[in-house]
Amino acid sequence: MINALRGMKDLTFEESERFVHIVTTAIKVSKKYGYSYIETPILEETKLFKRSVGESSDIVGKEMYQFMDKGDNDVCMRPEGTAGVVRSFVQAKLDRRQNEKFKFYYYGPMFRYERPQKGRLREFHQFGCESFGEASVYEDFTIIQMIGDIFKALGIGYDLQINSLGCPECMPPYRKKLIGFLTECKDELCEDCNRRIDTNPIRVLDCKNEKCQTLLTNSPKLIDNLCDSCESDFEKLVKLLKSENIDYVVDTNLVRGLDYYSKTAFEFVSNNIGSQSAIAGGGRYDRLVEFLDGKPTPAVGFALGIERIMELVQMPEVEREGYYLGAMEESLVDTLFPLASKKRATDKVTLEYAAKKLKAHLKGADKVNARYCAVIGEDEMQNGTIWIKDLVEKSETTISQSDF
RNA sequence: GUAGGCGUAGUUCAGUUGGUAGAGCACCUGUUUGUGGCACAGGUUGUCGCGGGUUCGAGCCCCGUCGCCUACCCCA
């Protein structure tokens, strides 16, 4: 027997229904906010992710499905969605259309070579949105509001964490300050943190090590070191969240794992799905378009993890629907066949090809959750009729086959 | 990469100090020669993950191996 690869999962029955429900709900909401669909390739040049997500990130450093293709190109399966969308945005020269706004939503598989566990697969699915050309913090808020709408429509609860990651003006001086602080206590920090002091000091902030976290309580906070513009944007965001009654927590250690974020960063978290608790995350990335050779274009976006959300959504009960057709004599299936074809124009129809006793047909109708069970037996054949039972009302009628 | 747990029927699981495999659910049949869900009665289903070892005898003990799950890590 051949099994699916480790960390890759098949979805069927209620699981696949839940998957589709989440995607269609997210699409419905994002369309209300003016987003349109963008489809980008799963396979991209490795360079794209090195330059956007960042070589210092774990995603690029050790988790990519990367290989040389038959044309000797260094390629990889996308580990996230934003880079491809931005590449596409630049390739289509949308960055030259200054003062225009572009809003895209996407969904599809992402690949990261990690050890699978609850809420973490090697092939997983994200739904995401990217808004280009809008520098206003109102847009940051609107995106958060939209995610809230999606979760509300899906009927799931969450905690919202926000932070500001600063901009090219305030981040570098803060970074220096932080490196100074970390170097002073480096002997007490864990191995990973020591390595990160040089490679990516900001990531030290969300180290899970308890001892490190204790030391970090006295570390300089970026939120206290923002430039005027970043600070007023963050205050405005907080004000908007308050006025719209969206609960939030400021988490000064919230650092996006991808290098391209700046200013607003946020994460939606659920505490009911195991240790992989982030169900959506995103923020502003005003410099990414530039990194990928486009004209400087402000942008904000987010992605949500469909599999993680699947753990949280309850599907509404499915009601009985459509017709089940069955014959009690083998020779009568031919009579049933055109009736089924005709009925499918308007209703869901299940046609049983094998002749069975009435009782077996009723059971069969139950099994496919049909509303009506329609059967032709000897009597009906002689009279040119069909017997129909409403499985909900428990009522039955016999009508002419031509009226069916 | 590291650590812990688990692999027995379609499924969820039980299986005693080693003695030749079981239950619920599901499925099929019947009670009802043409009336579903409920009830009752009966029935079908196994490479006990795989390979080796110990033993008269292994689902059980030992070694190896593969797979799954959870956690670290990372992140959606």
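Computed over heavy atoms, backbone and side chain alike; hydrogens, waters and symmetry mates excluded. Per chain, numbering begins at 1; letters A, B, ... match sequence-line order.
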Spacing between [X] atom [atom1] and [N] atom [atom2], to the nearest angstrom:
| X | N | atom1 | atom2 | answer |
| --- | --- | --- | --- | --- |
| A:Leu362 | B:rC38 | CG | C1' | 15 Å |
| A:Glu63 | B:rG1 | CD | P | 14 Å |
| A:Asp366 | B:rU35 | CG | P | 15 Å |
| A:Asp58 | B:rC73 | CG | P | 11 Å |
| A:Glu14 | B:rU11 | CD | P | 15 Å |
| A:Lys9 | B:rG67 | NZ | C1' | 16 Å |
| A:Tyr324 | B:rU35 | OH | P | 16 Å |
| A:Glu378 | B:rG34 | CD | P | 9 Å |

| Of the non-hydrogen atoms in A:Tyr33 and A:Lys103, which two are nearest, and what is the gap between them? | O-CD, 3.7 Å
Are [X] and [Y] close enough that a side-chain donor and a side-chain acceptor fall under 3.5 Å?
| X | Y | value |
| --- | --- | --- |
| A:Ser341 | A:Lys343 | no |
| A:His361 | A:Tyr324 | yes |
| A:Tyr138 | A:Lys236 | yes |

Could you tell me whether the side chain of [X] has a donor or acceptor atom within less than 3.5 Å of a complementary atom in the base of [N]?
| X | N | value |
| --- | --- | --- |
| A:Glu380 | B:rG34 | yes |
| A:Arg6 | B:rC66 | no |
| A:Lys359 | B:rG30 | no |

Interatomic distance at [atom1], [N] relative to [M], whole Å:
| N | M | atom1 | result |
| --- | --- | --- | --- |
| B:rC28 | B:rU70 | P | 33 Å |
| B:rG52 | B:rC40 | P | 46 Å |
| B:rU17 | B:rA58 | C1' | 14 Å |
| B:rG49 | B:rU12 | P | 14 Å |
| B:rU2 | B:rU65 | P | 13 Å |
| B:rG67 | B:rG24 | C1' | 27 Å |
| B:rU29 | B:rG34 | P | 14 Å |
| B:rU54 | B:rC63 | P | 15 Å |

With the side chain of [X] defined as its heavy atoms from C-beta on, choose the nearest nucleotide among [options].
| X | options | result |
| --- | --- | --- |
| A:Arg112 | B:rA76, B:rG36, B:rG34 | B:rA76 |
| A:Gln126 | B:rA76, B:rG37, B:rC69 | B:rA76 |
| A:Trp387 | B:rA76, B:rU70, B:rG34 | B:rG34 |
| A:Leu358 | B:rU35, B:rA71, B:rG37 | B:rU35 |
| A:Glu396 | B:rC27, B:rG36, B:rU35 | B:rU35 |
| A:Lys367 | B:rC27, B:rG36, B:rC72 | B:rC27 |

| field | Phosphate-side-chain proximity, A:Ser275 and B:rC72, N/O vs OP1/OP2 below 4.0 Å | value | yes
| request: Output yes when at least one side-chain N/O atom of A:Gln117 is less than 4.0 Å from OP1 or OP2 of B:rA71, else no. | output: yes
Just to be sure I understand the rule, does [X] reach a base, reach only the sugar-phosphate, or reach nothing, if contact means heavy atoms closer than 4.0 Å?
| X | value |
| --- | --- |
| A:Asn3 | nothing |
| A:Lys389 | base |
| A:Ala365 | nothing |
| A:Ile279 | sugar-phosphate |
| A:Gly364 | nothing |

| Interatomic spacing from CG in A:Leu292 to OG1 in A:Thr297 - rounded to 0.5 Å | 11.0 Å
| request: Any chance you could measure A:Ile273, atom CD1, to A:Met310, atom CE, to the nearest 0.5 Å? | output: 12.0 Å
| Would A:Arg287 count as a cation-pi partner of A:Tyr260, with NZ or CZ less than 6.0 Å from the six-membered ring centre and within 45° of the ring normal? | no
Taking N or O atoms only and anything under 3.5 Å, show me the protein contacts with nucleotides 2-6 of chain B, one pair per line.
{"unit_1": "B:rU2", "atom_1": "O4", "unit_2": "A:Arg115", "atom_2": "NH1", "d": "3.3"}

| note | Sorted by position of nearest nucleotide on RNA chain B, 5' first, the leading residue of A:Gly282 and A:Glu393 is A:Glu393
| Closer to the 5' end of RNA chain B via nearest nucleotide, is it A:Lys357 or A:Lys363? | A:Lys357
| field | Any donor-acceptor N/O pair, A:Arg122 side chain to A:Glu114 backbone, under 3.5 Å | value | yes
Does any nucleotide pair with [N] by Watson-Crick or G-U wobble geometry, both distances under 3.5 Å, and what is it?
| N | answer |
| --- | --- |
| B:rU54 | none |
| B:rU65 | B:rG49 |
| B:rU2 | B:rA71 |

| Given the rule in the salt bridge (charged side-chain N to carboxylate O under 4.0 Å, His left out) test, do A:Lys263 and A:Asp233 qualify, once you have shown the distances and angles that lead to the verdict? | CA-CA 8 Å; A:Lys263 290 197 167 180; A:Asp233 275 357; 3.1 Å; yes
| So which of A:Thr397, A:Leu336, A:Val375 actually passes side-chain contact (heavy atoms from CB on, under 4.5 Å) with A:Ile386? | A:Leu336
